[in-house]
Chemist: 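Let me give you the structure first, and then I'll get to my questions.
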Amino acid sequence: MPDLLANLNPEQHAAVTLPNEPALILAGAGSGKTRVLITRIAWLIQQGLASPATVLAVTFTNKAAREMMGRLSALLPIDTRGMWIGTFHGLCNRMLRAHYRDAGLPATFQILDTADQLSAIKRLMKGLNIDDEKYPAKNLQYFINNAKEQGLRPKDVDVTDNFNRKFVELYEAYDQQCQREGVVDFPELLLRCYELLAHNPPLRAHYQARFRHILVDEFQDTNKLQYAWLKLLAGQNNAIFAVGDDDQSIYAFRGANVGNMRDFEEEFRVRHLIKLEQNYRSHGYILDAANQLIAHNARRLGKNLRTDAGHGEPVRVYEAATDSQEAGWIVEEIRALINTGLARHEIAVLYRSNAQSRTIEHTLVNAGIPYRVYGGLRFFERQEVKHALAYLRLIDNPSDDTAFARVVNFPARGIGARSIEQLTDAARLYNCSMAAAIPYVAGKAGSSLAGFANLIAKMRAETQQMSLPETVEYTVRASGLADFYQNEREGQDRLENLQELVNAAAAFVSEEGYGLDTPARSIPLRPGATSAPELATAAGDEVEVLDAPAITDPAQNPDVMTPLAGFLSHASLEAGDNQAQAGQDAVQLMTVHAAKGLEFTAVFITGLEEGLFPHENSAMEADGLEEERRLMYVAITRAKERLYLSFAQSRMLHGQTRYNIRSRFFDELPQDTLKWLTPKVEAGARWGGRSDNAGWGRDWFARPDGQRAGRDEYRGEPSAPLPAFANEQRAAETGFRVGQQVFHTKFGEGTITALEGSGTDAKAQVRFKRHGEKWLALAVAKLQPVE
DNA sequence: TGAAGGTCGCTTTTT
DNA sequence: GCGACCTTCA
């Protein structure tokens, strides 16, 4: 029997072995939070305090859920399938599939992702002739999701004015449309599941009796609805083991409510509050910086990280003249780090907003350093993949109008906007789906639509006995998608992705433990399967906890989805990785948000300027600045050994050059942990704000005070050379070189101290004998070389 | 029916 | 500055 408790520190040990009572674990960054969560489950089972079927563990991302399952089965030889480990949405989906009748849903209900939802809303508004200018579909989407996350149905929303009344009406119409089509959006999965439990006492009692152990990861990120769902599931008797960090709450903008931690403490009368403050990730100076920064936040539960590692390296700070100079410095430092033997994937460049990645990417490309950008299009979001999925959804559920509208004329089959209009009119008239309305459309439009209906019918018939991978492969071909992309000039990648979809289906079948020949569209018989059957309708007050018996009679096991339904859920709930060159050893580029939960030996936090980080929009939001500070805290605590902070005096943003002052966060960090690689300019000596350049010559832009930290003043002893990056290359592009003597008609003689950009964007920094240092646009300024 | 051209917006994002 | 999305036109 493995000793699960070995090597735990006292706080971790205490958390893992708590009695089965409500507990809140305040887990600082890098304090072994996931380890505690996993060890807790393993310990409960090992001690005989819990059987796998009584455990429910919920996370926010599929990645976290997978990690938990993986590490758990490595820790104990248990079948994790008996447990319910997954995301809020994944678990709710599972419950709704099991009790679809009680939840008022068709067996084959489909899940709309955010993009599907928006197109469903647009379709709805078009049908109702709503002015998209006055009531933008995006705003309605936000309104609906927000209401659902507050647990509010249309009848529950307060009508305050006519504008709001319209939104409530549209919300209601949207819900009716979803109901008719048999589709649910993301928040609906949660709300529907909440209502299922709230309105069905026997069912609620069943699950409350079953899930004696509820564990929640990243509790600070839960929204109101998720908290209510947890409360319902816990009932009077069950304990919730909540793990979270209020200092890392960075998702308020999408409904996360840090207040849930306080509420949980009070409402559940939490007697066990344990703080994990021992940090196993970062060196001392880095932690000092994090601790002192976050101490500036007023509303905290309070906690301070400590480490046994030494001080380590100081935090290096660099002030650049421009965003591209900042990028140049970063790349030089990265090159130096790589030269010392550091793996590229141990280096991360973080930024507040995605737009900042461009300059850095550009500079990395020029330097020939491989990198990977996180974010962007993910596999199941690609258009060709979504097209194929739409056909599969139509096979499974013909009423899914979102899927129907997406592919009725793709590949093109002569069904134009007019035909679609006729069809939607008919569908509204007969209150049926678009597919069902086809017979009511007459004429040429009617016959081409009938052709499409026949295609889908044929596909449904042909795939009746096929396995899931066969079904997908058949669909890709029979839909005409394969031919279409085959003939498309740049369709090869898309064709490969469609093949990849077939592979994904095969992988899904094998991971779920289906036989390879299991028909995709029937409830599979899985001899020896350990998934616990659920009550279709629980009767009476007697509730029995069913301990994972083998499934023998599919009719009694409504919780088993067909492989196709499972795969379609999987595609909606897990959008997959983004396609960036995975596998290669590459420098990691991402937003600070995306970096949460990750760690790197060396971290660059870039663009530390007022307006950017903290972001200017945060000033308008309640608690906005504190959230920005938490974001900075998250960023700092990603670093293990080396932390670099940088900012630029000017930056190209939205096609305009902006002049920013350095972030206030610099003043909130302990100064003795910082090592300025460029001279630190005191706040009072600094100019700030925007400059519209009025009154200044058009051909140059410089700080009005004529001062700047020149690269010749660079005093660091960095691993990297001075930011005289790629000078040779610049020389070739601009015709000038750094160090060259030049003459300007207005400013006279000077020396080039830096070059950047190319073509019409090329700029030179020149130190003039009488006018100080200035940046000049080479396309405008007439610089002449002095022999 | 697709290409071309114009307009809009632009913080962070998982499910 | 750039991409996404919408409309327009041949």
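Lettering follows sequence order; numbering is per chain, from 1. Just so you know, these numbers come straight off a predicted model, no measurement behind them.
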Chemist: Does A:Arg372 count as lying over the ring of A:Tyr374, i.e. NZ or CZ under 6.0 Å from the six-ring centre, within 45 degrees of the axis?
Modeler: yes

Chemist: Between A:His593 and A:Tyr251, how do the two ring planes meet: parallel, tilted or perpendicular, split at 30° and 60°?
Modeler: tilted

Chemist: Would you tell me if any nitrogen or oxygen in the side chain of A:Arg378 comes within less than 4.0 Å of OP1 or OP2 on B:dT15?
Modeler: yes

Chemist: When we call it a touch if two heavy atoms are under 4.0 Å apart, what does A:Phe88 touch: a base, just sugar-phosphate, or nothing?
Modeler: nothing

Chemist: Pull out every protein N or O sitting under 3.5 Å from an N or O of nucleotides 5-11 of chain B, one pair per line with the distance.
Modeler:
| residue | atom | partner | partner atom | Å |
| --- | --- | --- | --- | --- |
| B:dC10 | O2 | A:His654 | ND1 | 3.3 |
| B:dT11 | O4' | A:His615 | NE2 | 3.2 |
| B:dT11 | O2 | A:Arg352 | NH1 | 2.9 |
| B:dT11 | O2 | A:Arg352 | NH2 | 2.2 |
| B:dT11 | O4 | A:Glu621 | OE2 | 2.5 |

Chemist: Output yes if the stacking criterion (under 5.5 Å between centres, under 30° between planes) is met for A:Phe253 over the base of B:dT12, else no.
Modeler: yes

Chemist: The side chain of A:Thr591 is closest to which nucleotide in this list: B:dT13, C:dG1, B:dT15?
Modeler: B:dT13

Chemist: May I have the distance from A:Asn62 (atom CG) to B:dT14 (atom C1'), rounded to whole angstrom?
Modeler: 9 Å

Chemist: When the distance from CG of A:Asn145 to P of B:dT14 is rounded to whole Å, what number comes out?
Modeler: 15 Å

Chemist: Can you confirm whether or not the ring centre of A:Phe613 sits under 6.0 Å from the ring centre of A:Tyr351?
Modeler: no

Chemist: Tell me, with the steps shown, if A:Arg662 and A:Glu610 meet salt bridge (Lys or Arg N to Asp or Glu O under 4.0 Å).
Modeler: CA-CA 6 Å; A:Arg662 71 170 183 245; A:Glu610 283 294 301; over 6 Å; no

Chemist: Which residues pass the side-chain hydrogen bond (donor to acceptor under 3.5 Å, both in side chains) test with A:Asp185, not counting sequence neighbours?
Modeler: A:Gln117, A:Lys148, A:Tyr174

Chemist: For B:dT14 and C:dG3, measure between their C1' atoms and round to the nearest Å.
Modeler: 23 Å

Chemist: Which nucleotide wins on minimum distance to the side chain of A:Asn409, given the candidates B:dT1, B:dT15, B:dT12?
Modeler: B:dT1

Chemist: Over how many whole Å does the gap from A:Tyr351 atom OH to B:dT12 atom P extend?
Modeler: 10 Å

Chemist: With under 30° as parallel and over 60° as perpendicular, where do the rings of A:Tyr207 and A:Trp84 fit, or are they tilted in between?
Modeler: tilted

Chemist: Measure the distance from CD1 on A:Ile250 to C1' on B:dT13 and round it to the nearest whole Å.
Modeler: 10 Å

Chemist: Does the plane of the ring in A:His570 sit parallel, tilted or perpendicular to the ring in A:Phe508? Use 30° and 60° as the thresholds.
Modeler: tilted

Chemist: Quick one: label A:Gly416 by what it contacts on the DNA or RNA (base, sugar-phosphate, nothing), any heavy atom closer than 4.0 Å.
Modeler: nothing

Chemist: Sequence neighbours excluded, which residues qualify as ring pair (Phe, Tyr, Trp, His ring centres under 6.0 Å) partners of A:His296?
Modeler: none

Chemist: Against A:Asp247, only a single residue in A:Lys596, A:Arg300, A:Arg629, A:Arg299 fulfils salt bridge (Lys or Arg N to Asp or Glu O under 4.0 Å); can you say which?
Modeler: A:Arg300

Chemist: Can you name the side-chain hydrogen bond (donor to acceptor under 3.5 Å, both in side chains) partners of A:Arg638, sequence neighbours left out?
Modeler: A:Gln248

Chemist: Report, one pair per line, the protein and nucleotides 6-10 of chain C atoms (nitrogen or oxygen only) whose separation is under 3.5 Å.
Modeler:
| residue | atom | partner | partner atom | Å |
| --- | --- | --- | --- | --- |
| C:dC6 | OP1 | A:Lys122 | NZ | 2.8 |

Chemist: Write down the distance between CZ (A:Phe380) and P (B:dT15), rounded to a whole number of angstrom.
Modeler: 12 Å

Chemist: So, applying side-chain contact (heavy atoms from CB on, under 4.5 Å) with A:Met434, which one of A:Thr402, A:Asp400, A:Ile420 is it?
Modeler: A:Ile420

Chemist: How are the rings of A:Phe410 and A:Tyr485 set to each other: parallel, tilted or perpendicular (split at 30° and 60°)?
Modeler: tilted

Chemist: Hey, is the side chain of A:Thr114 pairing donor to acceptor with the base of B:dT15 inside 3.5 Å?
Modeler: yes

Chemist: For A:Ala594 and for A:Ala412, find the nucleotide of DNA chain B with the closest heavy atom, then tell me which residue's nucleotide is more 5'.
Modeler: A:Ala412

Chemist: Measure NE2/A:His89 against C1'/B:dT13 and give the value in whole Å, please.
Modeler: 12 Å

Chemist: What protein N or O atoms touch nucleotides 2-4 of chain C N or O atoms at under 3.5 angstrom, if any, and at what distances?
Modeler:
| residue | atom | partner | partner atom | Å |
| --- | --- | --- | --- | --- |
| C:dC2 | OP1 | A:Arg358 | NH2 | 3.2 |

Chemist: Roughly how many Å apart are C:dA4 and B:dT13, using the P atom of each and rounding to a whole number?
Modeler: 16 Å

Chemist: Could you check which of C:dG1, B:dT15, B:dT13 has an atom nearest any side-chain atom of A:Phe186?
Modeler: B:dT15

